Structure formats: C-alpha cells, structure tokens
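For reference, the structure is listed below as structure tokens.
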Protein chains: 2
Amino acid sequence: MSIDFTHMNKIIDFHPQDMDIVVQPAVSWMDLNEDIKASGLFFPVDPGPSVCAVSKMTTISLWPILLIGRENLYRQKSGVCGTNAVRYGTMKDWVINLTVVLADGTVIKTKRRPRKSSAGYNLNYLFVGSEGTLGVVTEITLKLAVIPQETSVAVVTFPSIRAAAAAASDIMRSGVPVAAMEIMDEVQMMVVNKAGGTGKIWKEVPTLFFKFSGTKAGVFDNIGTVKKIAKAHQAGEFEFARTPEEQKILWSARKESLWSMLSLRKTGQEVWSTDVAVPLSRLADIIEISKKEMDDLGVFASILGHIGDGNFHESIMYDKSNPEEVKRIEKCVHDMVDRALEMEGTCTGEHGIGLGKKDYLVKELGLETLSVMKKIKLALDPLWLMNPGKIMDLSAHDRS
Amino acid sequence: MSIDFTHMNKIIDFHPQDMDIVVQPAVSWMDLNEDIKASGLFFPVDPGPSVCAVSKMTTISLWPILLIGRENLYRQKSGVCGTNAVRYGTMKDWVINLTVVLADGTVIKTKRRPRKSSAGYNLNYLFVGSEGTLGVVTEITLKLAVIPQETSVAVVTFPSIRAAAAAASDIMRSGVPVAAMEIMDEVQMMVVNKAGGTGKIWKEVPTLFFKFSGTKAGVFDNIGTVKKIAKAHQAGEFEFARTPEEQKILWSARKESLWSMLSLRKTGQEVWSTDVAVPLSRLADIIEISKKEMDDLGVFASILGHIGDGNFHESIMYDKSNPEEVKRIEKCVHDMVDRALEMEGTCTGEHGIGLGKKDYLVKELGLETLSVMKKIKLALDPLWLMNPGKIMDLSAHDRS
C-alpha cells in the first residue's frame, strides 16, 4: 500500500502569537512539528506510527477516497489519539476549524479562528471521526501547545499484566499528569526484540512506558510519585532517559511496536490490528481474559494499550489463506468486543468503525442511537456518496 | 427569576475507580463536588456563579423548557466553560455520555461508559451546546479529575488593560499550566468594592486573578515564572493565598463579579451580559477598543475575561425603560461583535446564540455553514419543536 502524500500537505498559515496553525490535511505531523520547532510550539497529538498525516486523524478525509475498496480499509484510524492522549486529549480537542467539501459540492468552514466558541452546533466534532462519510476535509486550523521545559522518558517492568494495569490505575487515581503511559505485554516485547529495530534488548515481560513533561521540579515530583506506586505493584527497576537521544532509544520499543509485528510476517501472513476501550477499572480484566483466550486458541497476538484511557490494541498474526485460522481470529476479536460491551465499553477507542465493526456499532449503541447518526448522514449526504459502506449501511426502512 | 432545582438533581451512580459519575442534569456542581470530595475526585468545570447546574452547562436541556418566552433567555449559557477552562477545557470535554429525549419521544444514549471512543458520530458534542434545540438531556455521565495536591490563588494589578493582557499572553506562550487566569478591568473592581460582598477593599485598576494547581514543587515553579513575566509588564505586588479560607477571600472578587454588578441596579435598570472570543493575540486590542467606545458613549460597563482562551465578557448597566439608552447599548454590543468577527473571532465564546445573536451567527459562519446546522436540526426535529426560536430560524426555503 503506498499513498501519495505529496499533495495537500502544505502549511497554509502559521500564527505563533495565537498558538494555532492552518494546514492542509495530508501534512505529516512530524514534519509539521519540525517546521515550527523554533517557535517553541508543537502539535501534541502523537498518533504513534510516523507515517500518520493530520487528515488521517480528523476524518480520514482523503484516505478513504484514495483507498475505497481496499480490503484493509476497516483498519484505518479515525479519531486518532495515540500515546499523548492521556495528557493532551485526542485530535478533536485540537481542531479550531475545518474547511469541508460536502456531498453536494458546497464548501463550508465550521468556525472562524477563536480557540473557544459557542456559536451554533459544534460541527468540528461532528466531522472529526466521521470517517469521511460526511465530507472531505481540505483545510484544518489546529491549536498548538507550548513545548514543555523538561521531558523525561521512563520504562519499568512488571511480573504480570495485572500488576502493570493495577499500577497504571493507581497512577491515574493519584492525579500525576503523565504525558503518556503505555502498556506492552510480554509478547509485544518479544516481537520488538525479534524484529530488532530498536538497537536494544528488552526484557520480555509486561512493561509500562512513561513520558513526563513540565517544569524540572514538576517532572522530578511526578517521577517520584510514579516510582512509589510502581514499587507497590512489584515493579522492577526504572530505566530513565534524559537526553533527547536516550529518550528516542527508550521510547523506540513503543514507536516500533506495530512495525515490528508487521516485519515478522511470513508469506501469506497478515496482522489484524483492532482496539477496544472500557471503563478504567475493567482494563486489567479484559486484557487478562483476552490474552488467555488467545493462548488457549494458539493464536499469536500482542497487546499494547493507552492504559490511562482504558484503551488497548491487539495485533494478531494470521494466515489469510487459511479459512480455519481466519475464523478463529474472527471469533477472538468478536469475543473481545462483546466483553468490552458487557463492561460498558466500546468496540473501538481509536480505530473507528470502518467496514469491520458495523455490526458491533449497532450492538453497542442500539438502533435508536444509530438512527440519529443515519438521519444526520442522510441530511448531509442524501445520496450516500461520501465513503459509502463505512460506519453504517442504509436500509430501505431508513429512507422512509 | 426562580428555578426549581429540586427535581432532576440526583446523583445516579458514582464510579470512583473509573473516575466518572452519572448524574441528572439539574445537579448543582458545587453540591456534586462536596458529595464526592472524600474520593479525592472532583468535577473541574467551574462555571463561576454558584447557582449553575450541570444541565445548564450541557444543552441547557431543562432550562429552556422551563424558561421559554422569558425575555432574558438569550443570556442563558450553553457551552459553559468558566474560569478553569484554560486548564481543564470546557463542559464538552467532560461528558462521557448523555441520555437524551428526542423530539419524537425516542430516548437515546449517546455512548456507553468508556472514557474514549471512536464508535460512530460524536453525538455528545452535537448535543452539548445545542441549547436544547435537539433534545432534552435527562442523564449525564461525567468524567472526574483528581483533586490536585496543592492549589494556590494569586492576584496582581497592572497599570493598564493592555499591560495585563500582554502579560497574560506571554504567560500562555510560556506554557505555564495555570489552572485559571482571569482578567477584570478597573470598572469591574470598582463594582466589586461598591457592592461590598467580598469583605475586602480592592485596588480599582486592571487586575489578573490566577489559580495554580499541581504538586507543591510544580506550583512553586509556575508561580515563579508567572511573577517574572508579570513584572516585565509593570505589574504591582502579587497577593497570594495558601489556606482554603484565604483562597476563598482572594478569589471572591472574581466569584462575586456578576452578583456585584447585579446588586448595583437601581429600579428600572438591567444588566446586559454578553461575550465574544478572538484569537489570543487580538484580545488586548478588542478589549481596549470596546472600553473606549463604551466610555465615549457614556455607558457604564465592566469587563471580565477568560483571558487564556481569548474570551471576554462585558456587563452593561442600562435603563430598560429608556429606548434611547437601549438603542445605544445595542449599538455597542453590535459593534463589539462585528469587531470580534473582523478579527476572525466569534460572536460568543460561552453564552451561546439563544435569541439575541441569531443574526450574528449568520454573519459569522455564512449561509452554507448555517444550512448544515439547519439540516441537522430538521433531521432530528422536523417539526421544529425543541426550544424553537433559539440559534436559528426556519424559512420556507429551508424546508424545500
């Protein structure tokens, strides 16, 4: 799969004094941050994999149109949040306005350029995460944040996923403003070692990855609290990085996790990547049960989670030419989603519904809520032209 | 005006481990925080005046229905944010799900209970701030935050509004995570003194009010940075409060600002309260111009701003039985809104459109964007039953 990001990837206007920037949707967030570094500002939503363009984070505005019909489209992300979400929120929180081309060709701008507004319905938040089904985003004004004075990265291991999850939960409840808190299970750590992309050998046990940011004293304080909580949950020694170079190496296991899994594919193998989210207190339960089930079925799967948001991802290796195996994987994913819903969670924290989770959406929210979404879709796109087939399907009944 | 808050004001379910709470929409945010204090959690959206119920902060779901036809309804707030918004965001950021009764009597729940979700369109953010025009909210699940270890309140005076605004702008650009940063002009300070509700005599000059929160060391650091920046803008001495009692007194001028203005009304007088928001760098300009214009017209008006969001409020005293004066005030407000729009701002940062700003909404966003809002409204409420007359009007053309 190769996507042309040489179009629609420009910075249109930068307003450092207003702490915002106007960009085209295919701008790369890493290039963006590099370009504006000297201003002391940055766009803090870190989606993880470095190819991620801003458009992909809003409504995948361009992507679906480029990709319609691709079998793996259901895996494209919508309301991308990534590793910094626990501190900085998700994409929607950083959008000031959107320029959108609607199904009938009308071009609208959702807001002018104030950071705060109560003027009419909040269209920003309707288009962000709508997976390209309501319009094509052609321009985005993004809020920016100030680059923190001090950042630190730390990694610590735990004897079990439950211990790591319990520590993370206590850290959330302590109010320490971690900039990122990510969990990776022993399989994921082994995958990173096997792929060998990080220049470091990792312990193959459940591991928490932290980013801290703020003032020097604030970061020092926060690290102290986190260490104490982790120790109470049988954590190993903390490994810290201070210099940007050290931080890059220490964070690399997190950054390379998906690529590592992909690089281990043999001919005919695919990686099924899926995510769910549950209320914070249920995260350890659902991870533990899901892992056990995968093991029982002999499925090779790794787990990685944005644990501060109750959101985790499963990457499952499978042979797509083996219908038995595909069926087994589908059952695993199906059961995990069902479990998330039973726990009052959601079938997707970040990835979106796409093609693959339409039935779960009905189960999660019910026909009445889905009907409201359909009414909005029909009101803006009566001919169902925009990225059809995604999120929900239209029945004859819906048109009546 | 008296509103019955004895109904729909219950806490339904509290999940401290998930850091969320399920409430009815008329629950008072102060009672709510008092009730859950022992858990170490709080609901951080502080709307200022203490009567504010949660419903008023979401869609004013119950209020418009109680109040339809009241002449001052245009002043009811919608996307209430208040003093803590610069740190904690606004109401919409704290809603996990809403139970909403739609125009046709259908009851929907927008989400289950995960803190993060990408499942379908974001209906939470559509209903929050829709001013009761899309449905009646009957239940809300709110995210909660951890009560910070340390809080501090500080007050500092400036020789001019421009100096205060410039200091505030530099503080934002420094990245100091102030929990609140509020500006009050010399008129507002005089009003507070005259009303005498705070048990303290204030200097009648432009004043910034700060709240700091975090760890002890973090708060200490942040105060240091803010002091240095303020000094560079000719600030007076900082006045600090540490104990909860001292903090209450020092914050009281901010808390009592609206009530102070209201208490100065003589027979026949009313207070017109309005707000706009502009990109950060334009705030000093618009405040300065608006103040000068008020002075030139001999209008008695005070200014108060959530300066970190580029949002400010004007409270104008006027004699409602004097049509000349009403006309003069209307011109002032009209010009201020026009100026905000010229600066790429919005006609309302928090208060909402209501009855009074419908024309400005058209001017601000244009007919095409408004048409999208109307299509959504018509899709969910084809008979235009829910809080009709608010935000926008329906023309024969819109139905075609």
Side-chain angles (χ1 to χ4, degrees), chain A residues 15 17-19 78-79 81 93 106 108-110 112-123 125-126 129-130 146 148 173-175 214-215 217-218 220-221 277-281 309-311 344-353 361 364-365 368-369 372-373 375-376 378-380 391, chain B residues 15 17-19 78-79 81 93 106 108-110 112-123 125-126 129-130 146 148 173-175 214-215 217-218 220-221 277-281 309-311 344-353 361 364-365 368-369 372-373 375-376 378-380 391:
Chain A
H15 309 108
Q17 285 310 314
D18 298 327
M19 298 172 68
S78 63
C81 324
D93 305 313
T106 316
I108 63 158
K109 199 164 171 177
T110 55
R112 294 198 181 196
R113 209 163 50 80
R115 278 174 95 84
K116 188 157 106 181
S117 171
S118 291
Y121 301 157
N122 196 327
L123 299 182
Y125 293 11
L126 186 64
S130 66
V146 175
R173 287 287 271 112
S174 77
T215 63
F220 183 82
D221 264 20
V278 291
L280 294 180
S281 66
D309 299 317
N311 178 211
E344 295 185 72
T346 176
C347 66
T348 176
E350 295 184 349
H351 286 198
I353 299 298
L361 182 64
E364 178 171 336
L365 299 178
E368 283 84 3
T369 303
V372 170
M373 295 183 188
K375 282 178 180 167
I376 292 169
L378 278 170
L380 300 191
I391 302 184
Chain B
H15 309 109
Q17 286 310 315
D18 298 326
M19 297 172 67
S78 62
C81 325
D93 304 313
T106 316
I108 63 158
K109 198 164 173 178
T110 55
R112 294 199 181 194
R113 209 162 51 77
R115 277 173 96 85
K116 188 157 105 180
S117 171
S118 292
Y121 301 157
N122 196 328
L123 299 182
Y125 293 11
L126 188 63
S130 66
V146 175
R173 287 288 270 114
S174 76
T215 63
F220 183 82
D221 265 18
V278 292
L280 294 179
S281 67
D309 298 318
N311 178 211
E344 294 187 72
T346 175
C347 66
T348 176
E350 295 184 349
H351 286 196
I353 299 298
L361 182 64
E364 177 171 336
L365 299 178
E368 283 83 3
T369 303
V372 170
M373 294 183 189
K375 282 178 181 167
I376 293 168
L378 277 169
L380 300 191
I391 302 183

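A, B, ... follow the sequence lines: proteins, then strands. Residue 1 opens every chain. Small disclaimer: the values here were computed from a predicted structure and weren't measured. We use all heavy atoms of the structure for the numbers below, so side chains are in, but hydrogens, waters and symmetry mates are not.
Ranked by non-hydrogen atom pairs under 4.5 Å with chain B, the options A:Asp93, A:Val372, A:Ile391, A:Thr106 are led by A:Val372. Ranked by heavy-atom pairs under 4.5 Å with chain B, the first of A:His15, A:Arg115, A:Met19 is A:Met19. By number of non-hydrogen pairs under 4.5 angstrom with chain B, the leading residue of A:Pro148, A:Gly345, A:Gly218, A:Cys347 is A:Gly345. The greatest number of non-hydrogen atom pairs below 4.5 Å with chain B, out of A:Lys109, A:Glu364, A:Glu344, A:Gln17, is found for A:Glu344. Interface remark: of the candidates B:Pro279, B:Ala217, B:Ala277, B:Pro279 forms the most heavy-atom pairs closer than 4.5 Å to chain A. Taking B:Ser281, B:Gly175, B:Gly310 one by one and counting their heavy-atom pairs under 4.5 Å with chain A, the maximum is reached by B:Ser281.
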side-chain contact (heavy atoms from CB on, under 4.5 Å) assessment of A:Leu365 paired with A:Met373: CA-CA 11 Å; A:Leu365 299 178; A:Met373 295 183 188; 3.5 Å; yes
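Distance check, rounded to the nearest 0.5 Å: CZ of A:Arg113 to CG of B:Leu280 gives 9.5 Å. Separating the OG atom in B:Ser117 from the CD1 atom in A:Ile353 is a distance of 7.5 Å, to the nearest 0.5 Å.
Interface remark: A:Thr348 contributes backbone and side-chain atoms alike to the contact with chain B (heavy atom separation under 4.5 Å).
Remark: B:Asp221 engages no residue in a salt bridge (Lys or Arg N to Asp or Glu O under 4.0 Å) (not counting sequence neighbours).
Under the 3.5 Å distance criterion, the side-chain polar atoms of B:Ser118 are matched with a main-chain donor or acceptor of A:Gly349.
Here the side chains of B:Ile376 and A:Leu126 are in contact, with some heavy-atom distance below 4.5 Å.
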